[in-house]
Amino acid sequence: MSVNFEERSGVVPCETPWGSWYQTMEEVFIEVQVPPGTQSRDIRCKLGIRDIALTVRDAGILQGRLYDSTISDESTWTLEDKKLIRIVLTKSNRDAGNCWPSLLEGEYSADPWVQDEMQKKLTLERFQRENPGFDFSRAEISGNYSKGGPDFSNLQK
């Protein structure tokens with residue numbers, strides 16, 4: 001579901017010295033630029049429930065405690081075109097209100113504008129899931145969207 005929504009609406013990346021990261025309700029995506037010609041045997045990637053470690057050609061690129069927990073058995077990494085490592089982490093908490101403000105605890109934080117845009121995006125993704133007959137991919141949102149937007153679950157149908 002989120003892949004189609006992301007394809008139509010784009011992503012809100014948080015730029016870092018090594019690349020960028022962005023998120024959906026279900027996943028966190030990490031894109032790391034590596035030297036052209038990098039081989040998979042040059043890469044060491046450990047994806048834990050709350051920890052990540054990435055080394056390329058014996059140089060530490062990314063290491064630390066993730067902002068929130070993930071399902072490590074469902075997380076993966078790939079090397080694309082021998083120049084980009086794409087890591088996909090599956091979030092344990094998949095609510096629209098679970099917008100990670102940083103990739104790691106205290107590191108790679110989204111600036112306030114990017115954080116705001118990420119939260120808007122997750123809220124619109126939630127609306128899309130709750131209302132599959134509508135297309136929210138180009139929608140604008142304002143008002144109460146922090147923590148996933150307003151809760152309509154107690155309204156009668």
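Remember, it's a predicted structure, so these values are computed and weren't measured experimentally.
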Practice item. Give a yes or no on this: more than 12 heavy atoms of other residues, nucleotides or ligands lie within 6.0 Å of atom CG of Asn131. Key: yes
Review point. How far apart are the closest heavy atoms of Asp95 and Met25, and which atoms are they?
Key: C-CE, 4.3 Å
Review point. Are Glu31 and Arg86 within salt-bridge range, i.e. N to O under 4.0 Å?
Key: yes
Review point. Got a second to check how far Met118's CE is from Thr24's OG1, nearest 0.5 Å?
Key: 11.0 Å
Point to revise | Minimum side-chain heavy-atom gap Phe29-Val11 below 4.5 Å | key: no
Exercise for review: Please report the closest heavy-atom contact between Ile30 and Trp18, naming both atoms and the distance.
Suggested key: CG2-CZ3, 3.5 Å
Study note, to complete from the structure: Closest heavy-atom pair, Lys83 versus Leu79, reported as atoms and distance to 0.1 Å, is N-CD1, 4.1 Å
Point to revise | salt bridge (Lys or Arg N to Asp or Glu O under 4.0 Å) partner of Glu26, the single match among Arg94, Lys91, Arg129 | key: Arg129
**Study point:** Other residues, nucleotides, ligands: >12 heavy atoms within 6.0 Å of Glu105 CD
**Key:** yes
Point to revise | More than 12 heavy atoms from other groups under 6.0 Å of OH on Tyr108 | key: yes
Review point. Any side-chain heavy atom of Leu47 within less than 4.5 Å of one from Thr70?
Key: no
Study note, to complete from the structure: Nearest heavy-atom approach of Ser72 to Gly48 is CB-C, 3.7 Å
Practice item. Please round to the nearest 0.5 Å and tell me the distance separating atom SG of Cys14 and atom CG of Leu103. Key: 8.5 Å
Revision key, fill the gap. Between Cys45 and Ile87, the two heavy atoms sitting closest are SG-CD1, 4.1 Å
Study note, to complete from the structure: When rounded to the nearest 0.5 Å, the distance separating OG of Ser20 from CD of Gln33 is 7.5 Å
**Study point:** Min side-chain heavy-atom separation Leu84-Val32 under 4.5 Å
**Key:** no
Point to revise | SB check Glu125 Lys121 (cutoff 4.0 Å) | key: no
**Study point:** CA sep, side-chain torsions, deciding dist, call: Arg65, Ile52, side-chain contact (heavy atoms from CB on, under 4.5 Å)
**Key:** CA-CA 7 Å; Arg65 187 159 175 82; Ile52 187 169; over 6 Å; no
